[in-house]
Amino acid sequence: MTKGGETPVPLLTPYTLGKFHLSHRIVLAPLTRTRSYNFVPQPHGAVYYSQRATKDAFLIGEASGVSTTAQGYPHTPGIWTREQVEAWKPIVNGVHEKGAIFFCQLWHAGRVSKYEFQPEGKPPISCTDKRLRKDISNDPAAADKYPPPRRLNTHEIPIIVNDFKIAARNAMEAGFDGVEIHAGNGYLLDQFLKDKVNDRDDKYGGNLENRCRFPLEVVKAVADEIGADRVGVRLSPFADYNDCEDTDPQGLGIYMAESLNQLGILYCHMIEPRMVTQFNKSDTTKWSLMPIRKVFKGTFIVAGGYDRTEGNRAIESGAADLVAYGRLFLANPDLPKRFELNVDEYNHPDPTTFYSHDPVLGYTDYPFLQNTPCTSV
Ligand code: PHB
């Protein structure tokens, strides 16, 4: 109970995220929006992110490619060129003007890419030369869409580690408060982690320790570059998106949590096992994030189809410190306020415009609440 007698809403309680003071626990999840033309962030990105920023809130930017080989979709942003760094600056400024904390998600698509996104039309790179058979859309025709990747040589791995390090440095130069390393959802780092994809016989393949080596080298290099207190990692051990699955997801998650403890990073951001696809949750899953939550010593962020009630429950029960909202935040730019007022009405996300390239439609035109009383968020 508060002094006034009302019960506090767990999602709206403050939280200390390392050096950052947060006024609430509702995080903007990293959401690909494909409005960064030719991989360069655009001015409309500043409108989109600042719409979703509130004082002392935590926002994670959409996946941003770390190098020329990192991209897998049209018009996703990058953070490897000077032009991209300069283009991010006004977007980051817009978020900071609202008083929020903003992390840049660093991403490499690996084999979830096509010739057209690769330098000189070469094959995408991966831990393997096995082709992806099923992408996030679960489209059976996906097998035809993705070319066979080129297996990275052992001596090339440090080059990719260095790309992440430079991208992290660039993110800091652009003004971001930190970075989230994307090691989930079937992209490059996840391809190394998961034993149904990683078929290497060098020190980056085979047993669990070897499969985790490259992602952990990336995390260490980035932490050494910008400080572990500015680094988070996103993981989805239980997911099979992008044809990327592991036979012992819990073991994988626990090993990564233990290893990340040793690196002292700020947070671990986990996708819920119930998310059977990126967009659909199942009512039943035998898995839970709790064993991983118990091992990880830093801040634990959960994501995957949460609503207000479930988010409050996760915070109250100790299952999570923060809850990331994707589609609900995409469609409701004033989500923290809607949660505070406990409104009945939410805007519905329109999947047909998630990945369109329009600078406004389905991007910055979701309505805010009208005539709401003046409140704290
Ligand atoms: C994802 O994390 O699922 C993701 C990342 C980058 C994209 C699309 C989806 O461009």
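All heavy atoms count here, side chains included; hydrogens, waters and symmetry mates do not. Start at 1 and go down the list; that is how both ligands and their atoms are numbered.
Nearest to atom 1 (C) of ligand 1 among the protein's heavy atoms is Asn185 ND2, 3.2 Å. The nearest heavy-atom contact from the protein to atom 10 (O) of ligand 1 is Thr32 OG1, 2.8 Å. Protein heavy atom at the shortest distance from atom 5 (C) of ligand 1 is Tyr187 CE1, 3.6 Å.
By the 4.0 Å N-to-carboxylate-O rule, Arg82 lies close enough to Glu86 to be salt-bridged with it. The pair Asp129-Arg151 meets the salt-bridge criterion, with a side-chain N (NZ, NE, NH1 or NH2) lying under 4.0 Å from an Asp/Glu carboxylate O.
Using a 4.5 Å cut-off on side-chain heavy atoms (C-beta onward), Ile315 and Val323 make contact.
Geometric assessment of Lys114 against the ring of Tyr146 yields a positive cation-pi assignment under the 6.0 Å and 45° thresholds.
Counting atoms of ligand 1 from 1 in the listed order, those under 4.0 Å from a heavy atom of Trp107 are 5 (C), 6 (C), 7 (C), 10 (O). Under a 4.0 Å criterion applied to the non-hydrogen atoms of His182, ligand 1 contributes the atoms 1 (C), 2 (O), 5 (C). Counting atoms of ligand 1 from 1 in the listed order, those under 4.0 Å from a heavy atom of Gln278 are 1 (C), 3 (O). Listed by number with element, the atoms of ligand 1 under 4.0 Å from a non-hydrogen atom of Ala63 are 5 (C), 6 (C).
Taking distance alone, with nitrogen or oxygen atoms compared against 3.5 Å, Thr76 stays at or beyond that limit from ligand 1.
Side chain to side chain, Thr69 and His108 meet the donor-acceptor criterion of an N or O pair below 3.5 Å.
Distance alone, capped at 3.5 Å, is enough to place a donor-acceptor pair between the Gln84 side chain and the Ile79 backbone.
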